[in-house]
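Since this is a predicted model, take the numbers as computed values, not measurements. Chain letters run A, B, ... following the sequence lines, proteins first and then strands; every chain starts at 1.
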4 protein chains.
Amino acid sequence: MAGNAARQPSARSAKSRADKRRHILEAAVEVFARAGFHKSRVSDVAKEASVADGTIYLYFKSKDEILLSIFEEAMAEMIEAVEAQLAPLSDPFEQLRTFAAFHMSRVEKHKSVAKVLQVELRLSNTFMREYKPTKLKQYLDIVGRIVRLGQSQGVMRDDVNPIIIRRALFGALDEIAMQWILTPAARYGLKESASQIADVFAAGLRKPDA
Amino acid sequence: MAGNAARQPSARSAKSRADKRRHILEAAVEVFARAGFHKSRVSDVAKEASVADGTIYLYFKSKDEILLSIFEEAMAEMIEAVEAQLAPLSDPFEQLRTFAAFHMSRVEKHKSVAKVLQVELRLSNTFMREYKPTKLKQYLDIVGRIVRLGQSQGVMRDDVNPIIIRRALFGALDEIAMQWILTPAARYGLKESASQIADVFAAGLRKPDA
Amino acid sequence: MAGNAARQPSARSAKSRADKRRHILEAAVEVFARAGFHKSRVSDVAKEASVADGTIYLYFKSKDEILLSIFEEAMAEMIEAVEAQLAPLSDPFEQLRTFAAFHMSRVEKHKSVAKVLQVELRLSNTFMREYKPTKLKQYLDIVGRIVRLGQSQGVMRDDVNPIIIRRALFGALDEIAMQWILTPAARYGLKESASQIADVFAAGLRKPDA
Amino acid sequence: MAGNAARQPSARSAKSRADKRRHILEAAVEVFARAGFHKSRVSDVAKEASVADGTIYLYFKSKDEILLSIFEEAMAEMIEAVEAQLAPLSDPFEQLRTFAAFHMSRVEKHKSVAKVLQVELRLSNTFMREYKPTKLKQYLDIVGRIVRLGQSQGVMRDDVNPIIIRRALFGALDEIAMQWILTPAARYGLKESASQIADVFAAGLRKPDA
DNA sequence: AATGAATGAGGTTTCATTCAT
DNA sequence: GATGAATGAAACCTCATTCAT
């Protein structure tokens, strides 16, 4: 019986395992943000996390998988957080502004994570070519849902496709964020950008006769 | 004979040199679009262009420089072409629609070039980190100029920063284009997307009381 | 309780230790025969034996030592078994045939062990380069002894060196066995091969005028 | 036209290419014989051949392919050489002795090659598991042919299978050779061993009443 | 005794770039 | 100018072994 138990990670070891995994992930975020995914060696991540190179592979199948995990887990957190902020709001225009503000504040607060997501993730062939971005779709669909809500309330134009708009808004925010991340001294604040983009989209989506 | 002529840069050899350079560039576009920049070897480009590997280096300093040249020259052409389309138009909203439609039709017509620009360019560390995108800024500034024109004509809102808007519009178009390129069967046409994005931005930028 | 007993090496724990060692060895034979020594990981052997990786090292110094132990113990068994079969025989030619038949039937009956011995053992650098094959010499010398017996009885040629003959016979049997093991569908039976080889060696060693 | 010609290796470059390939192969034989295939690094071979590491891969697809090439080319040479020695002989027993003597003298003269073939080749998983030993079969079949010749001449026993005998003889010779290679101070000469093995096989195969 | 998480050394191969011809 | 053979740097991952529990 003791033998069987030992084959299943115990409660304590499961927690400790998750902790170490997160520890490595955080180290990877710092390293990738600093030097870029391609220029970072697995041994750099290991050193930053104070573990041996091989230990990385007890928690991740490959270097690429580390990057994907950063993405997946950051997106999962963002989805949860933004949903919480949107829940109490009933006005779709208000929701649109909140989403944009949330996205940009997230980028600002978690600059390293944002840097990895926006810049490094795109450098990974694996990601761009093979990964099915379920989580990204889910995040994008929040915007789609807002638009559909506005349309069903009769306050947003019916002649736009939510699938197009959600990606357009994301592209707009994303491009600004990338610029802000890449340019050491940006000439405009993220908060201001979020506000203006939300304004333009809100005004542009509002039903003319409403 | 050609060899002798080449000793002195003459009108003919200069032209021939430019031709060969263009020939290599076009080969590179095909190769990069087919297999991706990272997976393409310089020798693949050489083979496609029917020249020796070393010959590439008589025309380009490095593999990265090939990619940058593709970008620079495509942008230069685009700038010239879109300026020609915008010149006869005086209405900034009309210009906005024209710009968006132009961008997307360009992507559609030159799929290989677009693929390289949108996807592969981002995979190049050199570009994202070290390249100063003068030509891109110039292209973007066309949008900025349209917005400033609209503001000076009093038909566009004064409370938006053209620098932010130009990048937002570009990001929106770019994200849609990338999606279209990456997804074998896109669920919406580029023309329709361009139209909707232009509509939303136009409506969103129009002065409320105008 | 078992734990307490184990603190003092007792007759029971010594037996239990030997049992576990044998258990691991048998697991290793299966694993090595299945996937090859080099491709097998120590953790594969551990899993097959239902013990932890580290436990292996309580019984064996290294992965190589497992292989050597398989060899040593298999040879010891073979020596004992063949000696028992040879003991009642007085005719050296009869002994020769018995030895060959024994060797091949052993290969046939213990295919996994044979596979490991014949194929995998040779893949181990350690073995071929550093190991002193005492047990193998002992096994080989059984043949040498048979030849010397025949010579002393005056029925076998004196102009052959038993040291050469013993190795030649072993090589002949071994090569056939390896072929049989490596080739899924062998074109001849091991028993028939043993018989023919023994026949040729017997006839070849018989004193012409005897 | 000059361009087309350049795509085909010229007579001169083809020769030079073959020379360099052979040069690398000879370096590899020395290195592998000295330290063993597994312990030898590709860079060791490169250093011995005075070329860059990458150059190796212009001539061989992989490290394994180097080993296979050594084998294939050595076997091809041996087949040709032994056939030449056997051609003038009509007595199958004489042929048998010549074959054995040839094999052993070959081992003695090309000790490094023999060492690689006998010992190192067997250490290569690729070879033992995936390679179809056509050349080896061809070499072995020379013995088979000799036996069949003896049988058709009515001087060799009909009750033995040439397929078994050819492999048995090879195994006998091979085992002695391996021993001689592995043991710094062998207790018997290769020439003497060849002679005795040939004698035993010849006598053993001779038709009793002939 | 048993566990299994952690360690860290080790090497093949690719391919951008050079340069002698 | 053109060639293409040669160069050589660079890093991911595996897995035998250890040792704290």
Check: With a 4.0 Å cut-off on heavy atoms, is Y59(D) in touch with a base, just the backbone sugar-phosphate, or nothing at all?
Finding: sugar-phosphate
Note to self: Mind checking if K20(B) touches a base, just sugar-phosphate, or nothing, with heavy atoms under 4.0 Å?
What the structure shows: sugar-phosphate
Checklist line | Spacing of NZ belonging to K61(A) relative to OG belonging to S69(A), to within rounding of 0.5 Å | finding: 9.0 Å
Is the shortest side-chain heavy-atom distance between [X] and [Y] below 4.5 Å?
{"X": "R41(A)", "Y": "K63(A)", "value": "no"}
{"X": "F37(D)", "Y": "D64(D)", "value": "yes"}
{"X": "V116(B)", "Y": "F71(B)", "value": "no"}

For the pair made of [atom1] in [X] and [atom2] in [N], what is the distance, rounded to whole Å?
{"X": "E65(D)", "N": "dT12(E)", "atom1": "CD", "atom2": "C1'", "answer": "14 Å"}
{"X": "K47(B)", "N": "dA2(F)", "atom1": "NZ", "atom2": "P", "answer": "20 Å"}
{"X": "I56(A)", "N": "dA11(F)", "atom1": "CD1", "atom2": "P", "answer": "16 Å"}
{"X": "Y57(A)", "N": "dC15(F)", "atom1": "OH", "atom2": "C1'", "answer": "13 Å"}
{"X": "D19(A)", "N": "dA5(E)", "atom1": "CG", "atom2": "C1'", "answer": "15 Å"}
{"X": "R21(A)", "N": "dA5(E)", "atom1": "CZ", "atom2": "C1'", "answer": "17 Å"}
{"X": "L67(D)", "N": "dT12(E)", "atom1": "CG", "atom2": "P", "answer": "13 Å"}
{"X": "F60(C)", "N": "dA1(E)", "atom1": "CZ", "atom2": "P", "answer": "14 Å"}

Margin query: I need the minimum non-hydrogen distance between A27(B) and V45(B), along with the two atoms involved.
Written below: CB-O, 4.1 Å
Notebook entry, point to check: Closest heavy-atom contact between E30(B) and S112(B)?
Noted result: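 Where E30(B) meets S112(B) most closely, the heavy atoms are OE1-OG, 3.5 Å.
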Item checked: Residues E73(B), K135(B): salt bridge by 4.0 Å N-O rule -> no
Next item on the list: Could you tell me whether R21(D) and E26(D) make a salt bridge, using a distance below 4.0 angstrom between a side-chain N and a carboxylate O?
Entry: no
Validation: residues 48-59 of chain D side-chain donor-acceptor distances under 3.5 Å, sequence neighbours left out:
unit_1: E48(D); atom_1: OE1; unit_2: R34(D); atom_2: NH2; d: 3.1
unit_1: T55(D); atom_1: OG1; unit_2: A52(D); atom_2: O; d: 3.4

Notebook entry, point to check: Out of dT3(E), dA5(E), dT7(F), which has the shortest distance to the side chain of L58(A)?
Noted result: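 Nearest to the side chain of L58(A) among the choices is dA5(E).
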Note to self: Could you spell out the base pairing of DNA chain F as a dot-bracket line? Use Watson-Crick and G-U wobble contacts where both distances are under 3.5 Å, [ ] for crossing pairs, | for partners on a different strand.
What the structure shows: .||||||||||||||||||||
List, with names and distances, any nitrogen or oxygen atoms from the protein found under 3.5 Å away from nitrogen or oxygen atoms belonging to nucleotides 8-11 of chain E.
unit_1: dG8(E); atom_1: N7; unit_2: G54(A); atom_2: N; d: 3.1

